[in-house]
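Report on the structure given below.
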Amino acid sequence: MSTPFESATLLLRLYELRREPTMREARNWFALQFNPDTIDDVTQALMGPNSGHFRMVTSYWDMAASFVLNGAIDEQMFNDANGEQVGVFGKMEPFLAEYRTRMGSPRYLAQLEQVVMRRPGAKEQIAAMREWFKKRAAATRT
């Protein structure tokens, strides 16, 4: 298990990585433009011009969650310092089972799923995030 200082140091490093220009662009795309309604929307994102953005965001948060699960970052500190992972998981969760089957990747985003679902009030937070994304997407269409 990491010390509080080690956890804080890794969290700051993760934050620095989120500020990198390409990652910032990918995060903006994922948050604002990626609004899947079906598994086909997800696979189109994976295969389309924003494939790099999709993979960058999802793999980043799954990697960060793996640090938590393996004791490199304290889970409470991680959750206190971050919320974006809930939104990423919230967008992907309705499609995970089918995605895992289609792609032959039964553990896809398993680390992220575990960390998010262990948060107190996770289901309510996910539902609130989905509603927020839905309203935001509707507002940009009009």
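Starting from 1, each residue takes its place in the sequence as its number. Only this structure's heavy atoms are used, side chains among them; waters, hydrogens and symmetry mates stay out.
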One pair to check against side chain to side chain contact (heavy atoms under 4.5 Å, CB included): N28 and H53. What are the steps and the verdict?
CA-CA 9 Å; N28 283 337; H53 289 40; over 6 Å; no

Pair M129-F89, side chain to side chain contact (heavy atoms under 4.5 Å, CB included): steps then yes or no
CA-CA 10 Å; M129 282 282 200; F89 181 73; over 6 Å; no

When you look at Q111 and M63, which way does the side chain to side chain contact (heavy atoms under 4.5 Å, CB included) test go after all the steps?
CA-CA 8 Å; Q111 290 72 226; M63 173 191 68; over 6 Å; no

Pair V88, L109 - check side chain to side chain contact (heavy atoms under 4.5 Å, CB included), show working.
CA-CA 10 Å; V88 170; L109 299 183; 5.7 Å; no

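Heavy atoms only, all atoms of each residue included: R100 and E113 are closest at NH2-OE1, 2.8 Å. For T58 against R55, the heavy-atom pair with the smallest separation is OG1-O, 3.5 Å.
Proximity of F67 to L10: side-chain heavy atoms (C-beta onward) are nowhere separated by under 4.5 Å. No side-chain heavy atom of F95 sits under 4.5 Å from any side-chain heavy atom of D41. Side-chain contact between D74 and L11 is absent, with no heavy-atom pair separated by less than 4.5 Å. The closest side-chain heavy-atom distance from Y15 to N82 is not below 4.5 Å. The closest side-chain heavy-atom distance from V116 to W61 is not below 4.5 Å. A 4.5 Å side-chain heavy-atom check between R118 and L69 finds at least one atom pair inside the cut-off.
Once rounded to the nearest 0.5 Å, the distance linking OG1 of T22 with CZ of R27 reads 12.5 Å. From R136, atom CZ reaches atom CD of E131 across 14.5 Å, with rounding to the nearest 0.5 Å. Rounding to the nearest 0.5 angstrom, the gap separating the CE atom in M56 from the CG atom in L17 is 10.0 Å. In this structure, CD on E93 lies 10.5 Å from CG on L112, to the nearest 0.5 angstrom. Rounding to the nearest 0.5 angstrom, the gap separating the CH2 atom in W132 from the CD atom in Q125 is 15.0 Å. Between the CG atom in D62 and the CD atom in Q85 there is a gap of 11.5 Å [rounded to 0.5 Å].
A salt bridge links R102 with D40; the closest basic N to acidic carboxylate O contact falls under 4.0 Å.
Aromatic ring centroids of F34 and F30 lie under 6.0 Å apart.
Legend: residues meeting ring-ring contact (aromatic ring centres under 6.0 Å, His included) with F78, ordered by chain and number and at least two apart, are absent. For S105, the side-chain contact (heavy atoms from CB on, under 4.5 Å) partners two or more places apart in sequence, or in a different chain, are M103, Y108.
Note that K91 lies in the cation-pi zone of F133, set by a 6.0 Å cut-off to the ring centre and a 45° limit from the axis.
There is no path of hydrophobic side-chain contacts, each under 4.5 Å, that joins L32 to Y60. In the hydrophobic clustering of ILVMFWY residues, with side-chain heavy atoms under 4.5 Å counting as a link, M47 and V57 come out together.
Pairs engaging residues 4-14 under the side-chain hydrogen bond (donor to acceptor under 3.5 Å, both in side chains) rule: S2-S7, T3-E6, R13-E16 [sequence neighbours left out].
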